[in-house]
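Residue numbering restarts at 1 for every chain, and letters A, B, ... go by the order of the sequence lines. Keep in mind that the numbers below use all heavy atoms, side chains included, and drop hydrogens, waters and symmetry copies. These numbers were taken from a predicted model, which means no experiment stands behind them.
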2 protein chains.
Amino acid sequence: MARTKDPAICTLLIERAAQMLRAREPVTLRSIVAGTGVSTMAVYTYFGGMDGLWRATRQEGFTRLAARLRAVPLSADPVRDLAALGAAYLSNALVNPDLYRVMFDAGFELEDPAAADATLHCLVTTIQRAKELGRFRPDADPLALATQSWVIGHGLVSLVTTGPLERQALDHGAPMLTALFISYGDEPDACRRSVELGWHPYPHPSDP
Amino acid sequence: MARTKDPAICTLLIERAAQMLRAREPVTLRSIVAGTGVSTMAVYTYFGGMDGLWRATRQEGFTRLAARLRAVPLSADPVRDLAALGAAYLSNALVNPDLYRVMFDAGFELEDPAAADATLHCLVTTIQRAKELGRFRPDADPLALATQSWVIGHGLVSLVTTGPLERQALDHGAPMLTALFISYGDEPDACRRSVELGWHPYPHPSDP
DNA sequence: TGGCTAAACATAGCATCGCTATGTAATGTG
DNA sequence: CACATTACATAGCGATGCTATGTTTAGCCA
């Protein structure tokens, strides 16, 4: 055989793309490799072209999202945790809005589709836990509820980051999730308390 | 003065852009004017560049959406009508998914912002009507409920058209809207009936 | 250990992109 | 009817993503 690909360069290019994305600079083939010492061909040997680099960047976005969701401290109250997970979802998207946009760009394809499923599964297990504690109806479909929570989170983030809604509109998340959870059988008063406890809609300034 | 701009050419260019968008062809300056007899400069005299043409296309998207919402037949049941409006929103986005994507692209700016507000106002008036009939609580905020309905519709459409969710996931719209309306005070059984009556999630093959 | 092979990487150039500078034709007005 | 102003065509510029080609380096086996 011959030389082996340097994984450091691979992550360097993705990191640089994400960084330029956040800086609102145009992400072009030549601007990415400028200053790194590597040539434009690296993008092709590593990712097969710009499309591949966008795909890898999308994957990076899901990786960061998964890390952020995994960092949410879980409690004995799964409904509170669901709200906390939703808030973390919003927080992640607001910290890297451009990375989030790339994640859901046209031509949605990942090299590792399990990464996207993992984030949903994170919600599903928490919903399952809520069911076992009798917070939701026994016949509640965890995947359906997880999907509907996702729809709310994505709808909010998407409309806020692209402009039509003000940042303050994120506050709608709490009552919307509350309405959704109640429709799945949770007791209204307890649900409101739990969601209020878990809901922290505004992002930390930190950015992992 | 001198020659006056030909509005026919203006609409022709927008129409062509929307058509190429739907055909999944790359929308480039030269490909747009190819075959029309007009030169590339027309895009600059009419729209000031490609950005202006995208902005005009975005506006066209809102115009079509408004027409579709206005075409929804209203009934004596405003909650039914809300569901019908939501379904029409989904229908419009599914018929022209690429036009819909352009509408909410980064750099959200319209030459006529009232067009976007008009669609929301369409929901607000129906919600107001529901309040007057006692379907929602007297202290319900119509704009908040309209915004939250929008979030659900946009979240669904966005996740379905970009890939992560299957088309069948649109069925989540009805229970989500039901949960939302109930949280605003509607009587559960009546709400379910109304939403079911108004909900037609799948688009007509026609495309105005 | 050393030579062969294949993969990683650099360089140069191509087609095409959006855009602008410049020239021409057409139209409304005095 | 002549002029000035605007619409539109043509040509070309810098920059884009990508590819063809050459060079260098790393791994395998005799």
Sequence-distant partners of [X], side chain to side chain donor-acceptor pair (under 3.5 Å), two or more places apart:
X        : answer
A:Glu60  : A:Arg64
B:Arg135 : B:Asp77, B:Asp186, B:Ser194
A:Tyr89  : A:Tyr100, A:Trp150

Which parts of residues 10-21 of chain A get close to DNA chain C, meaning a heavy atom less than 4.0 angstrom away? none
Note: contacts of residues 33-43 of chain A with DNA chain C (heavy atom, under 4.0 Å) are A:Gly37, A:Val38, A:Ser39, A:Met41
When you look at CD of B:Glu25, are more than 12 heavy atoms from neighbouring residues, nucleotides or ligands closer to it than 6.0 Å? yes
Given DNA chain D, 5'-ward residue of the pair A:Asp51 and B:Thr45, judged by closest heavy atom: B:Thr45
Does [N] have its OP1 or OP2 closer than 4.0 Å to a side-chain nitrogen or oxygen of [X]?
X       : N      : result
B:Thr28 : C:dC17 : yes
B:Tyr46 : D:dC8  : yes
B:Tyr44 : C:dC19 : yes

Can you measure [X] atom [atom1] to [N] atom [atom2] for me and round it to whole angstrom units?
X       : N      : atom1 : atom2 : answer
A:Phe47 : D:dG17 : CZ    : P     : 14 Å
B:Ile32 : C:dC19 : CD1   : C1'   : 14 Å
B:Arg30 : D:dA15 : CZ    : P     : 16 Å
B:Trp54 : C:dC17 : CH2   : C1'   : 13 Å
B:Leu29 : D:dC13 : CG    : P     : 18 Å

Pairs in or reaching into residues 28-40 of chain A: which pass side chain to side chain donor-acceptor pair (under 3.5 Å), with residues at least two apart or in two chains? A:Thr28-A:Ser31
All pairs passing side chain to side chain donor-acceptor pair (under 3.5 Å) where residues 116-125 of chain A contributes a residue, at least two apart: none
When the ring planes of B:Phe104 and B:Phe62 are compared, do they come out parallel, tilted or perpendicular, using 30° and 60° as the limits? perpendicular
Identify, with sequence neighbours excluded, every residue that meets side chain to side chain contact (heavy atoms under 4.5 Å, CB included) alongside B:Pro142. B:Val124, B:Ile127, B:Gln128, B:Lys131
Residue set satisfying side chain to side chain contact (heavy atoms under 4.5 Å, CB included) with B:Leu197, at least two apart, ordered chain then number -> B:Arg80
Find which nucleotide of DNA chain C each of A:Ile9 and B:Gly49 is nearest to by heavy atoms, and output the residue with the more 5' nucleotide. A:Ile9
